[in-house]
*Asks:* 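Okay, here's the structure, questions in a sec.
One-based numbering, in listed order, for ligands and for the atoms of each.
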Amino acid sequence: MRTWIKDPRAIFADGAERGLVVEGTRIAGLVARGETPERIDATFSASGHVVLPGLVNTHHHFYQTLTRAHPSAINKPLFAWLTALYPIWARLKPRQLRLAARLALTELMLSGCTTAADHHYLYPEGLENAVDIEVEEARALGIRMTVSRGSMNLSEKDGGLPPDSVVQDEDTILADSERVLKLFHDAARGAQIRVALAPCSPFSISKDLMTESARLAQRYDCQLHTHLGETEDEERFCLKMYGLRPVDLLEETGWMSSRAWLAHGIHFNAEEIARLGKARVGVCHCAASNMVLASGICPTCELEAAGASLGLGVDGSASNDSSNMMEAVRHAFMIGRLRYGAGKVTHRDVLRWATEGSARCLGRSDIGRIEAGYEADLALFELDEPRFSGAHDPLAALVLCGAHRADRVMIMGEWRVVDGQPVGLDLGALIAEHSRAARDFA
Ligand SMILES: [Zn+2]
């Protein structure tokens, strides 16, 4: 089956003025100006659509959709925000996580996201199969996912930040990491599901767990993920606990490679940026979360210039409260302008970060671009709302006028969003069920 996505109003790809051809799950080729593709079975007219590579979200905590806009956490910086929420999160049950994952994945998909990464690090008793639940939900929705097997083993009793009831010991974490890698991780091109290992953050894990996770990632050829350089509190904690700055902790534990991507990456000095870039470490810029928690601004341009992969993330829906990838693109654009001035960080830069850059963070070179041989993951936006009326450059309009809902989303060659609605899912019923779960939970 060869489908021609024909004559887009605009497309974020060079040499594809007349669109692209999808064959099976891949992009078979681009159609340049004046060309007509051969052997076409079906045609989709995209004359009203701006076509992007599917957006790739590189940082989230799905379960936090249950504590959006929670009164005991709003208006607080990171550590105070975390300690207010940990006791609530400690009550998380499998069914609540399932609904949270379904809701977050659907919300992301509706915003044009075709690959999602979730960082799940909460393992209270009874929630041992958290990764399994997220994989099942991603498969049911047909979205691509990197499920990060998160972990915490440093609780209050050992000088860490989280309460004792949500952490596991190192042996349990490593054994379960291997279990889920064997069960779900697919390192092949075109994979739907990948697993990453993700010790939570310097203030909730031991140095040894970092080292052992890196060894395991090497053995199973998977990515490594953690929060790093998010706040000055974290930096002080690392100096006190380990006598090391956060980047030195990465170095000592075998994380300085393209296998690792870091959430936030704000508080690095120039020498650390150079080291991270040289090692091709990935950094996920979570602009909304950083603004809400007043954590600081990621030095995106310096990191990219140094050689780091730069991706975007919405972060957990308690610090951002929204899982909208197109909004994340606009946030990155605006804060980028504020930091670097009006000539730098263009709409094309932020779209590149949200697609190809994010894909590189996840260790993937098969998604994130509209190009022959890449996976057929696409996000199509219409410009038919009042906010776009009068817009001239359609691609710039997506970012500048604030697109936030895709009209169509294709993942692995299949339409998963049609007319702004998820295919085969009752959105109203899901919202009702998820809201109920959130009320019971919090
Ligand atoms: Zn996070």
*Asks:* In terms of ring plane angle, is the pair His225 and Trp261 parallel, tilted or perpendicular, where the classes change at 30° and 60°?
*Replies:*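 Parallel.
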*Asks:* Indicate the ring-plane relationship of His120 and Tyr63, choosing parallel, tilted or perpendicular according to the 30° and 60° boundaries.
*Replies:*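 Rings of His120 and Tyr63: perpendicular, as their planes differ by over 60°.
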*Asks:* Answer yes or no for His61: is there an N/O/S atom below the 2.8 Å cut-off from the Zn ion (ligand 1)?
*Replies:*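 Coordinating: yes.
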*Asks:* Has the side chain of Thr346 got a donor or acceptor atom that lies under 3.5 Å from a matching backbone atom of Arg348?
*Replies:*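 Checked: pair present.
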*Asks:* Assess whether atom CZ of Arg339 is packed by more than 12 heavy atoms of other residues, nucleotides or ligands within 6.0 Å.
*Replies:*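 Atom CZ in Arg339 is crowded, with more than 12 foreign heavy atoms closer than 6.0 Å.
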*Asks:* From the N, O or S atoms in Asp315, identify the one nearest to the Zn ion (ligand 1).
*Replies:*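 Restricting Asp315 to its N, O and S atoms, the minimum distance to the Zn ion (ligand 1) goes to OD1.
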*Asks:* Name of the His227 N, O or S atom nearest the Zn ion (ligand 1)?
*Replies:*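 Of the nitrogen, oxygen and sulfur atoms in His227, the Zn ion (ligand 1) lies nearest to NE2.
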*Asks:* Would one find an N, O or S atom of His119, in either backbone or side chain, under 2.8 Å from the Zn ion (ligand 1)?
*Replies:*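 False for His119.
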